[in-house]
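Every number for a ligand or one of its atoms is a count from 1 in the order of the listing.
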Amino acid sequence: MTVLTLAEVSKSYRGTQVLRPISFELHPGELVALTGPSGSGKSTLLMIAGGWETPDTGTVTPGAPLPAVPMARMPWQHLGFVPQSIGLFEELTVADNLAFAARTVDTGADLAKLLETLDLAKFADRLPTEISRGEQQRAAVGRALATAPALVLADEPTSHQDRTHAEVVLARLRTAADAGAAVLVASHDPLLAAHTDRTIALTGAGAEH
Ligand code: ADP
Ligand code: ADP
C-alpha cells in the first residue's frame, strides 16, 4: 500500500533548478527523513508533496489510505502538516488549536494525552503568545497529529527544541508512524536518524540526489 507517490517531480525558481527530478513513495508505518544542506530544496519538496506548491514536472498522487482527490484539495484531517513557520491559531489556546484541527473527525484521539506526550500539559490553556517558540512548535506537532492523519509532513520540527524536547517530538512522530501513518520529516537534526526507516538525501543544485 502506498500513501503518496511522487514521480519525476522537479522545480525551478526563476530559471534556477531547486529540485532535479525526484521520485519516491511513502508507505503506511514508515518515518522517512528528508535531509540535505540548507537550500537543497527540502521545504520545496514538502510543499509540493502537500499540494501547496505546483511542480514544474512530475506528479504527486495520493494512495489508498487517502481520499482520491488532488493533494491541493486534501482535507486537513488526512494530512498533518508541521510548518517551519509553526503558524498556530493565535486566538486559540494550545488545547483549542488541537481541538480545532480535530473538530471534523472522531478518531477517538485523546488530545489531553497527546499534549502530555509532547510535554505541553501545563500550557494547555495558554495562548501561543504566552509560551516559548519551542512550546509553540510542539503545539504545532500536536495540531498536526490531532486527527491521526494518514500522512504527516513536518518541516524542521525540532528546530526550536532543546535536545530533550527534540527527542520528545521525534518519538511522538515515530509513534504516529508505528500507528500506521506515513511520516516525512525534513530535518538535519542528527537525533532523527535513530527514529527513521530510511532517508531521502537532497544534495543541492546540480548534484545527484
Ligand atoms: P531547504 O528547505 O532545503 O533549506 P528550500 O526548499 O527552502 O530549501 O529552498 C531551496 C531553494 O529554493 C533556495 O535557494 C531558496 O531560496 C529557493 N526558493 C524556495 N522557495 C522559493 C520561492 N517561493 N521563490 C524563489 N525561490 C525560492
Ligand atoms: P481551510 O484553510 O481548508 O479552511 P481550516 O479552516 O481547517 O482549513 O484551517 C485553516 C488553517 O489551519 C489551514 O490552512 C492550516 O494552516 C491550519 N491547519 C488546520 N488543520 C491543520 C492540521 N491538521 N495540521 C496543520 N495545520 C492545520
Value for CG (Leu118) from CG (Leu115), rounded to nearest 0.5 Å, stands at 7.0 Å
dist Thr147:OG1 -> Leu79:CG (nearest 0.5 Å) comes out at 8.5 Å
**Request:** Is it possible for you to check whether Arg103 lies under 6.0 Å from the centre of the six-membered ring of Phe100, through NZ or CZ, and within 45° of that ring's axis?
**Result:** yes
Checklist entry - Does CD in Glu8 sit with more than 12 non-hydrogen atoms of other residues, nucleotides or ligands closer than 6.0 Å? => result yes
Take a 6.0 Å sphere around NE2 of His160 and say whether it holds more than 12 heavy atoms from other residues, nucleotides or ligands.
yes
In short, side-chain hydrogen bond (donor to acceptor under 3.5 Å, both in side chains) pairs touching residues 56-66 with sequence neighbours left out are Ser10-Thr57
Residue shell for ligand 1, any heavy atom closer than 4.0 Å, reads Tyr13, Arg14, Val18, Pro37, Ser38, Gly39, Ser40, Gly41, Lys42, Ser43, Thr44
